[in-house]
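Here's the structure we're looking at; comments come further down.
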Number of protein chains: 2
Amino acid sequence: MSQSEAPRRIPLDRERVVRAAIALADEGGIGSLTMRKLAEKFDVVPMALYKHVANKDELLDAMVDVVFGELEFPSGGGWKTAMRARAVSMREGLLRHPWAVELMEVRKPGPANLRHHNATMGCLREEAGLPFRMAIHAYSAMDSYIYGFALLERTLPFETPDEYSKAVKARAEAIAEEHPSPVDEYPYLFEIVEEFGGSGYDYNEEFGSGLDLILDGIEHRR
Amino acid sequence: MSQSEAPRRIPLDRERVVRAAIALADEGGIGSLTMRKLAEKFDVVPMALYKHVANKDELLDAMVDVVFGELEFPSGGGWKTAMRARAVSMREGLLRHPWAVELMEVRKPGPANLRHHNATMGCLREEAGLPFRMAIHAYSAMDSYIYGFALLERTLPFETPDEYSKAVKARAEAIAEEHPSPVDEYPYLFEIVEEFGGSGYDYNEEFGSGLDLILDGIEHRR
DNA sequence: ACCTGAACACCGTTCAAGT
DNA sequence: ACCTGAACACCGTTCAAGT
């Protein structure tokens, strides 16, 4: 029966703070990540966090580097297979952490970030055997596509083809309410409503389609 | 000598409010756009703005639709030329309004947005003669690329190849300070430093290169 | 019809103080 | 060594009031 029966808190440390911040942003979006709410998660006053991260900016840097650490390096099976796997892993990571899309390449790069970019560039230079300029073009095209796809995908508040089809119809109705004759005004948008309102839309297939377009293009120019 | 010599303010209206908000965001980033600072621009108390926009969210909707209104529709010269011109115009718009990149496809779509998407889809269906599914694939690949490129381009705080080369060297030195032997650890990143530290890096050319990769791929699959 | 003023419930972060 | 409490300079937005 020691005197420490009282609910003792596990002391905070940097890693727990960063992980909790990621969980908060994953759940409620980056807007819901505030130092005050993060402190609440640990039943602690906001200022307690500042012993472990210098400020919110540094916290964001650390969060982004954790996401980079979750991404697969390109490796094995030839450059095309390897780059494809990297792209798929990146999209999945950005889907798990939608708040990260705009931050990945903005924050001060951490070690996982540097390792990832170095490994990817290495794959293009060595495995694919691309000359330097061509490797840069390939890298730029792929990452633009991946980040852009993630950016667009993130805006859509549904994950399955079925949810998609419902949302498309709802949006069409919302437009119809504000416009006198929407089908005549925007015929090609309403074609989309008709086509996808029933069957829905498969994001995985869409991502793969554009990815193969780019990978084939790179191979073709090699 | 009427009694109205006193500095009379032009009364606010919605358009002036939206334009001033865009100017503020263009200059200082979206973070510097606050209702309070916007009100200051008009020498008015913050609450005066709320007669013209319902709230900040609706202001953002309106700002995004102004940007959509600045973008060229695809038109003339065959689908490939038209789609290329649209892409270039979009990148330029997103470069003028970097804060818009993450908002373009998130906010409630306004009339300029609907017109733009309808015209682009129309170009792919009619001028390019693509079947529906292929038009969707083409649209998705192009917009993902354009938004992603704009997202990545925006993170780099310099605009000319020369500024780029200086920034690359500065970043390399920052990394070198924190890592014991960075050239061995990240050889492919340091290849980039060497290659671009001198000559610099041309963003316009890079954008065009990836764009042509995708346009050629679409043509090839048609 | 349009603008004001005070107030409320939030932010990140400082500083000095507690244990 | 780690956490607290009070305070400061900010937010968006409400409500009731002024002209």
Side-chain angles (χ1 to χ4, degrees), chain A residues 2-64 99-100 102-103 106-108, chain B residues 2-64 99-100 102-103 106-108:
Chain A
S2 85
Q3 55 196 160
S4 57
E5 293 282 30
R8 261 228 242 133
R9 278 203 302 261
I10 308 158
L12 289 181
D13 63 35
R14 190 182 162 92
E15 203 196 312
R16 289 179 68 223
V17 169
V18 174
R19 301 236 159 246
I22 290 174
L24 212 49
D26 287 349
E27 285 158 27
I30 196 71
S32 80
L33 169 62
T34 72
M35 298 304 271
R36 293 168 123 103
K37 278 193 211 143
L38 187 54
E40 250 174 51
K41 269 209 174 185
F42 295 110
D43 262 312
V44 129
V45 95
M47 275 316 297
L49 301 171
Y50 287 76
K51 277 277 114 121
H52 304 100
V53 284
N55 50 40
K56 196 178 181 180
D57 248 46
E58 205 206 79
L59 175 61
L60 291 171
D61 289 345
M63 289 166 70
V64 164
W99 50 268
E102 312 110 277
L103 300 179
V106 193
R107 315 301 314 180
K108 187 171 169 253
Chain B
S2 83
Q3 56 195 159
S4 58
E5 293 281 28
R8 260 231 241 132
R9 278 203 304 258
I10 309 157
L12 289 181
D13 63 34
R14 187 183 164 90
E15 201 195 314
R16 289 179 68 226
V17 169
V18 173
R19 300 236 161 247
I22 290 174
L24 212 50
D26 287 350
E27 285 158 27
I30 196 71
S32 81
L33 169 62
T34 72
M35 299 302 273
R36 293 169 123 104
K37 278 193 212 144
L38 186 54
E40 250 174 50
K41 269 209 173 185
F42 295 110
D43 263 312
V44 128
V45 94
M47 276 316 297
L49 301 171
Y50 287 76
K51 277 277 116 126
H52 305 101
V53 284
N55 49 41
K56 197 178 180 181
D57 248 47
E58 205 206 79
L59 175 62
L60 291 171
D61 290 345
M63 290 166 68
V64 164
W99 50 269
E102 311 110 278
L103 300 179
V106 192
R107 316 299 317 180
K108 188 172 169 249

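Just so it is clear: chains get the letters A, B, ... in the order the sequence lines come, proteins before strands, and each one is counted from 1.
At whole-Å resolution of the value, CG in A/Leu59 and P in C/dC11 are 15 Å apart. Rounded to an integer number of Å, the gap from CG of A/Asp13 to C1' of D/dC2 is 13 Å. The CE-P distance, from A/Met47 to C/dA16, rounds to 13 Å in whole Å. At whole-Å resolution of the value, NZ in A/Lys51 and P in C/dT19 are 16 Å apart. If you measure from atom OH of B/Tyr50 to atom P of C/dC2, you get 18 Å, rounded to the nearest angstrom. Atom-to-atom, CZ of B/Arg36 to C1' of C/dA7 comes out at 11 Å; the value is rounded to the nearest Å. In this structure, A/Lys56 atom NZ and C/dC11 atom P are separated by 9 Å, rounded to whole Å. The interatomic distance linking A/Met35 (CE) with C/dT13 (P) rounds to 6 Å, in whole Å.
Of all heavy-atom pairs between A/Arg16 and A/Phe42, the closest is O-CZ, 3.5 Å.
Set against D/dT13, D/dC11, C/dT13, the side chain of B/Asn55 has D/dT13 as its closest nucleotide. Of the candidates D/dC3, D/dC11, C/dC3, D/dC11 carries the atom nearest the B/Lys37 side chain, counting heavy atoms from C-beta on.
Salt bridge annotation for B/Asp57-B/Arg107: present, with a cationic side-chain nitrogen under 4.0 angstrom from a carboxylate oxygen. The pair A/Glu40-A/Arg36 does not count as a salt bridge, with every side-chain nitrogen at least 4.0 angstrom from each carboxylate oxygen.
Separating the CG atom in B/Leu59 from the CG atom in B/Leu38 is a distance of 6.5 Å, to the nearest 0.5 Å. Distance check, rounded to the nearest 0.5 Å: NZ of B/Lys41 to CG of B/Leu12 gives 13.0 Å.
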If you write DNA chain D from 5' to 3' in dot-bracket form, with Watson-Crick or G-U pairs under 3.5 Å, [ ] for crossing pairs and | for pairs with another strand, what do you get?
-> ||.|||||...|||||.||

